[in-house]
Amino acid sequence: MKKKYIWAVIASALSLVLLMSGCISSQVSNDTQNGTSGSSATTAMGDSNRSDSVTIMISGKLNPEDASPIESSTEMCLYEMVYEPLVKYGKDGVIEPGLAEKWEISDNGTQYTFYLRKDIKFSDGTNFNADSVVSSAKHWDPTKFSTPLTNVEKVDDYTVRLTFKENCYPVLTELTYPRPFRIASDNSFDTKGNFAKMIGTGEWMVKSYVPEEEVVMVPNPYYYGTKPNIEKITIRKVTDGESRIMALQSGEADLSLADLPSESKSIVESSKNLDVKNAKGTMGFFLMLNQENTVLQEENVRLALNYAIDKDSIVKNIFGGDAVAAKGILPDTVPYVTDENSKGYSYNPEKAKELLAKSGYTDSDGDGIVDKNGVPLSLKLVFQSEEYASWKSMCEYLQAAGKEVGIDIQLEQLDTSAYYDAIWKNRDFDMIIYRTYEDSWNPHGFLRSMFYQAEGSTSVCWYDPQLNTYLDEVIKTQDEAMRQAKYDQIFKLINDKALVVPLCYPDKQYAYNARLQNVTVAPTTYEGIEWQLITIAK
């Protein structure tokens with residue numbers, strides 16, 4: 001009883017802070033139909049109590065003004081709600097009709113002809129047709145596909161043909177991505193071709209927003225599909241996991257697309273006002289290793305790190321069972337991943353110590369940390385906890401596991417922006433906890449993004465020349481059995497050379513207010529929930 005009272009007091013304090021924040025923020029109105037802008041005073045966490053409105057929480061960047069369909073780093077759910085693709089990524093990865101109702105692929109696999117729907121308008125009332133696709137494609141980077149896009153041709157008003165340099169199997173899948181190949185209205189761009197505002201054919205459009213705080217979405221009046229049952233979705237950025245839990249408890253938010261602290265699981269389960277949707281995910285948590293670190297270039301050290309970690313303990317004690325202990329870098333919910341090609345490493349601290357000793361690491365001064373030539377084996381592990389609340393606890397566990405085998409792991413927590421800079425810009429880490437991509441990006445998109453090294457560039461995760469060759473070969477392999485054999489080679493090489501340290505595969509969970517009904521998990525994590533199906537209990 002005392003614990004519930006404390007939570008209630010904290011939630012009330014949070015509510016006051018958020019309400020005050022809403023009062024002093026300047027909100028931008030972004031009416032997608034007339035393009036006007038001005039000020040509005042419609043922010044408040046109380047919106048979720050209205051019968052026609054839902055408030056959801058995210059943790060990533062929230063900047064509709066930067067949400068070009070081509071290139072941006074804002075929250076992915078915005079793309080899914082506003083912009084639509086030619087084809088969609090359906091359940092179990094089946095490619096389904098989107099803006100194109102059907103398509104044909106030429107015998108040589110380089111030409112894709114799309115037959116477009118004829119009943120679609122953008123949210124600004126303009127018609128969608130072949131010209132819309134050709135116009136959007138002018139903004140695409142043709143090299144972002146697995147094979148370069150060489151031509152986009154209007155066959156007639158509702159037929160377009162895309163031609164590619166080579167026959168690569170993932171092309172249709174890549175067209176389903178949340179970005180960069182979705183279709184926007186010409187009015188999304190100014191006369192100079194610069195992005196101006198989000199105007200798509202999807203279920204929702206942006207009504208107003210406060211940069212990096214919240215976005216108010218309303219139904220697209222011209223949407224051709226199933227109409228939403230709700231009149232407004234407020235997307236709010238909440239970067240602290242505990243605050244997300246408290247907002248759900250107090251009823252000030254209805255649903256969290258963002259990760260919740262695993263230690264709060266019992267709070268959600270014991271609340272009669274909250275419910276959870278669970279689904280097996282396609283994402284894995286793993287340690288990326290800095291290939292420029294000479295210590296980590298030793299295969300035995302990388303193997304030792306894998307043997308030092310009790311992944312079952314992570315699943316039990318940090319995730320409360322809502323995850324799967326990792327073997328390979330990707331879970332078997334991803335195509336082409338098998339038990340044989342992703343065997344992983346069992347928890348064996350004695351084996352880890354043997355491997356370190358084999359590489360010349362011994363505890364010469366008896367301080368519990370192994371060293372070589374007088375230099376202690378010390379590694380900096382970088383993490384953030386805004387997007388994934390469990391990472392702090394995981395890294396603290398990894399620090400203790402390292403110490404058990406004589407490795408000194410120093411933790412460094414960064415804010416989200418600095419964290420991504422560490423990965424993509426300055427490479428300032430020895431190890432960094434990261435997540436694989438999900439759904440349509442797995443496996444080929446993620447693997448090429450992390451391990452492939454194009455001429456003149458440097459791979460992000462780890463470069464291996466043989467792996468590079470395999471990644472080139474697999475996307476050009478059309479025979480399904482041969483493609484599986486190629487992926488067997490890829491996953492086995494990553495596993496056998498211990499190029500990463502897989503940790504676990506978290507379940508996908510969405511905690512929500514029980515007043516929401518018909519909450520259905522969408523085929524992709526980037527969409528999250530099938531918003532058009534939600535109803536609200538009266």
task: Using the six-membered ring wherever Trp is involved, compare the ring planes of Tyr419 and Tyr434 and label them parallel, tilted or perpendicular (cut-offs 30° and 60°).
output: tilted
- prompt: What distance separates Asp428 CG from Leu414 CG, expressed to the nearest 0.5 Å?
  reply: 8.0 Å
- prompt: Say you draw a straight line from CG of Asn229 to CG of Leu533; how long is it, rounded to the nearest 0.5 Å?
  reply: 8.0 Å
- prompt: Just checking, any donor-acceptor pair under 3.5 angstrom between side chains of Glu153 and Thr163?
  reply: no
message: Can you tell whether the side chains of Lys121 and Asp124 come within less than 4.0 Å, N to carboxylate O?
response: no
Ion pair Arg161/Asp156, N-O distance below 4.0 Å: no
- request: Under the ring pair (Phe, Tyr, Trp, His ring centres under 6.0 Å) rule, collect the residues that match up with Tyr452, sequence neighbours excluded.
  value: none
- prompt: Is a side-chain donor-acceptor pair under 3.5 Å present for Gln532 with Thr226?
  reply: no
message: So for atom NZ, which belongs to Lys508, do other residues, nucleotides or ligands contribute more than 12 heavy atoms lying within a distance under 6.0 Å?
response: yes
message: So for atom NZ, which belongs to Lys118, do other residues, nucleotides or ligands contribute more than 12 heavy atoms lying within a distance under 6.0 Å?
response: no
- prompt: Say you draw a straight line from CD of Glu438 to OG1 of Thr524; how long is it, rounded to the nearest 0.5 Å?
  reply: 9.0 Å
task: Scan side-chain atoms only and decide if Thr74 and Asp66 contain a donor-acceptor pair under the 3.5 Å cut-off.
output: no
query: Does the side chain of Thr535 pick up a donor-acceptor pair with the side chain of Asn518 at under 3.5 Å?
result: yes
- request: On the 0 to 90° scale, with breaks at 30° and 60°, tag the Tyr112-Phe114 ring pair as parallel, tilted or perpendicular.
  value: parallel
Among Glu75, Glu212, Glu213, salt bridge (Lys or Arg N to Asp or Glu O under 4.0 Å) partner for Lys237: Glu212
field: Beyond-backbone contact of Asn442 with Thr436, side-chain heavy atoms, under 4.5 angstrom
entry: yes
task: Starting at CE of Met288, measure out to CZ of Arg435 and round the result to the nearest 0.5 Å.
output: 9.0 Å
Output field: ring centroids Tyr177/Tyr79 closer than 6.0 Å: no
- request: Measure the CD1-CG distance between Ile490 and Leu471 for me, rounded to the nearest 0.5 Å.
  value: 4.5 Å
- prompt: With a 3.5 Å cut-off and no angle check, do the side chains of Thr234 and Glu214 form a donor-acceptor pair?
  reply: no
query: Is the closest side-chain heavy-atom distance between Ile95 and Thr173 below 4.5 Å?
result: yes
task: Establish, yes or no, whether the cationic atom of Arg483 lies under 6.0 Å from the six-membered ring centre of Tyr169 and within 45° of the ring axis.
output: yes
- request: Drop me the distance from Glu80's CD to Ile529's CD1, to the nearest 0.5 angstrom.
  value: 12.5 Å
- prompt: For the side chain to side chain donor-acceptor pair (under 3.5 Å) test, which of Glu386, Lys61, Glu387 pairs with Thr416?
  reply: Glu386
Proximity of Trp140 and Phe181 rings by center, below 6.0 Å: yes
task: Flag this pair as yes if the NZ/CZ of Lys102 is under 6.0 angstrom from the six-membered ring centre of Tyr115 and inside a 45 degree cone about the axis; otherwise no.
output: yes
